[in-house]
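Here's the structure we're looking at; comments come further down.
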Number of protein chains: 2
Amino acid sequence: MLSIGDLSKRTGVKVPTIRYYEQMGLIEAAERSEGNQRRYERNDLERLAFIRHARDLGLDIPAIRELIALSQHPDLPCVNADRIAADHLVAVREKIEKLKKLEHELERIISHCDGHSIEDCYVIRALSDHGLCEGEH
Amino acid sequence: MLSIGDLSKRTGVKVPTIRYYEQMGLIEAAERSEGNQRRYERNDLERLAFIRHARDLGLDIPAIRELIALSQHPDLPCVNADRIAADHLVAVREKIEKLKKLEHELERIISHCDGHSIEDCYVIRALSDHGLCEGEH
DNA sequence: ATAATTCCTCTAGTGACTAGAGCTACAAGA
DNA sequence: TCTTGTAGCTCTAGTCACTAGAGGAATTAT
């Protein structure tokens with residue numbers, strides 16, 4: 001039986017976050033000690049590691065809830081789980097594309113600035129005047 | 001003199017967002033009509049376009065506040081403005097790197113799954129077992 | 001036995017908006 | 001001039017995934 005602090009140390013998930021996940025229904029409400037403190041077992045450790053792992057991959061809580069529900073039906077086909085991952089991959093790629101555009105625009109703006117006065121500063125001027133931009137943003 | 005709706009249409013910034021920027025101190029409190037409605041002029045249009053542009057580039061509100069303050073001192077050197085942009089560029093690049101790692105991990109997980117049952121699903125298994133991962137996340 | 005640490009619940013704050021309630025002002029047509 | 005519809009006003013609360021803090025109780029170590 002682990003305390004919430006033990007669970008936290010073993011999974012790297014902070015104590016308040018564990019309580020938050022309980023509130024969100026990602027982990028079942030833990031058993032309690034006589035003094036009302038949460039007590040965990042091995043399967044809670046696994047569940048929490050699963051959640052942590054999914055969060056690290058950037059999945060949001062509703063998606064994780066769905067994956068947990070799916071994982072409890074081993075007989076079903078896994079197309080739904082695959083779709084969640086694939087949708088997320090698409091979203092990740094879109095974010096990368098957007099950020100790359102920002103990266104290029106920022107590089108361009110910065111490299112155009114000669115570092116003299118604000119009056120001539122290309123950074124400020126580019127922000128003031130959309131016509132100095134490349135691309136459609 | 002423009003109403004808040006006119007200003008919104010011309011800049012593409014939504015009406016509640018304009019009021020929010022006023023509250024955050026990015027734009028000055030507008031003059032009011034007799035009936036207490038906001039009335040804007042050309043320089044408000046420019047200011048708001050500046051803000052919108054900076055937001056599109058991903059700058060946060062404190063950074064924009066600083067850029068606005070700087071832009072009102074044309075005689076100062078522009079190293080501070082350049083630094084804000086450069087810092088942001090670093091942050092953007094870091095985000096891109098993180099997302100690329102996620103992208104590769106998701107690609108790998110998805111490609112390993114044969115699409116049969118949840119029991120064998122590589123997506124679910126990879127989440128359950130960190131040992132199946134590549135990289136350090 | 002006492003002290004230090006951990007735990008509990010509850011509320012509020014983060015950033016940059018967005019949604020909605022309930023009310024008032026303004027512009028255009030009859 | 002009257003009416004109607006749109007647009008405006010303020011204020012509160014919700015979004016997401018936590019995080020911080022208050023005030024108090026339980027547990028663990030000395």
Side-chain angles (χ1 to χ4, degrees), chain A residues 1-27 29-40 44 47-48 50-68 87-88 91-92 95 98 102 137, chain B residues 1-27 29-40 44 47-48 50-68 84 87-88 91-92 95 98-99 102 137:
Chain A
M1 298 295 264
L2 304 169
S3 72
I4 197 168
D6 296 334
L7 189 65
S8 170
K9 271 170 214 146
R10 294 217 196 183
T11 57
V13 179
K14 288 181 190 160
V15 169
T17 306
I18 297 173
R19 289 196 279 249
Y20 171 73
Y21 288 158
E22 180 184 310
Q23 218 184 316
M24 292 298 101
L26 293 188
I27 51 183
E31 288 176 55
R32 300 293 181 118
S33 72
E34 282 187 21
N36 198 36
Q37 299 194 353
R38 289 170 179 82
R39 292 292 175 260
Y40 296 95
D44 295 307
R47 165 71 66 90
L48 193 54
F50 182 102
I51 295 167
R52 158 111 222 241
H53 200 166
R55 286 292 302 133
D56 284 347
L57 285 172
L59 291 160
D60 64 12
I61 284 176
I64 296 172
R65 224 191 311 259
E66 205 176 334
L67 286 172
I68 289 170
D87 287 353
H88 184 54
V92 167
K95 273 190 200 164
K98 274 192 190 165
L102 290 190
H137 72 259
Chain B
M1 299 293 264
L2 303 169
S3 72
I4 197 168
D6 296 333
L7 190 64
S8 171
K9 272 169 213 147
R10 294 216 198 185
T11 57
V13 179
K14 288 183 191 159
V15 168
T17 306
I18 296 173
R19 289 195 279 248
Y20 172 74
Y21 288 158
E22 180 184 311
Q23 217 185 317
M24 293 298 101
L26 293 189
I27 51 183
E31 289 176 52
R32 299 294 181 119
S33 72
E34 283 188 20
N36 198 36
Q37 299 194 352
R38 289 171 179 81
R39 292 291 176 260
Y40 296 95
D44 296 307
R47 167 71 64 89
L48 193 53
F50 182 101
I51 295 166
R52 158 112 223 242
H53 200 165
R55 285 292 302 131
D56 284 347
L57 286 171
L59 291 160
D60 63 14
I61 283 175
I64 295 172
R65 225 191 311 259
E66 206 175 333
L67 286 173
I68 289 170
I84 289 170
D87 287 352
H88 184 54
V92 166
K95 272 190 201 165
K98 274 192 190 165
L99 286 170
L102 290 191
H137 72 258

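Residue numbering restarts at 1 for every chain, and letters A, B, ... go by the order of the sequence lines.
- Panel note: side chain A/R65, backbone A/M24; a donor-acceptor pair is recorded below 3.5 Å.
- Here the CZ atom belonging to A/R52 is positioned 11.0 Å from the CG atom belonging to A/L57, to the nearest 0.5 angstrom.
- Residues meeting the side-chain contact (heavy atoms from CB on, under 4.5 Å) test with A/D87, sequence neighbours left out: A/R83.
- If you take CZ of B/R32 and C1' of C/dA25, they are 13 Å apart, rounded to a whole angstrom.
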Protein-nucleotides 4-7 of chain C N/O pairs under 3.5 Å:
from: C/dC7; atom 1: OP1; to: A/S3; atom 2: OG; distance (Å): 2.9
from: C/dC7; atom 1: OP1; to: A/G5; atom 2: N; distance (Å): 2.6

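- For the side-chain hydrogen bond (donor to acceptor under 3.5 Å, both in side chains) test, residues two or more places apart in sequence or in another chain that qualify with B/S3 are B/D6.
- The side chain to side chain donor-acceptor pair (under 3.5 Å) pairs that include a residue from residues 9-23 of chain B are B/E22-B/R38, where partners are two or more places apart or lie in different chains.
- Nearer the 5' end of DNA chain D, as judged by each residue's closest nucleotide, is the contact made by B/Y40, out of B/Y40 and A/T17.
- Rounded to a whole Å, the CG atom of B/L26 is 9 Å from the P atom of C/dA16.
- With the nearest nucleotide of DNA chain C identified for both B/D60 and A/G35, A/G35 has the one nearer the 5' end.
- Nearest heavy atom pair, residue A/I64 against residue A/L59, reads CD1-O, 3.8 Å.
- Residues A/D56 and B/L102 share a closest heavy-atom pair of O-CD2, 3.2 Å.
- From the 5' end on, the contacts that DNA chain D makes with chain B at under 4.0 Å to a non-hydrogen atom open and close at D/dG8 to D/dT10.
- Residue B/K14 places no side-chain N or O under 4.0 Å from the OP1 or OP2 atom of C/dC17.
- Counting all heavy atoms, side chain and backbone alike, A/L26 lies closest to A/R47 at O-NH1, 2.7 Å.
- Using a 4.0 Å cut-off, no side-chain N or O of B/R65 falls inside it from OP1 or OP2 of C/dG15.
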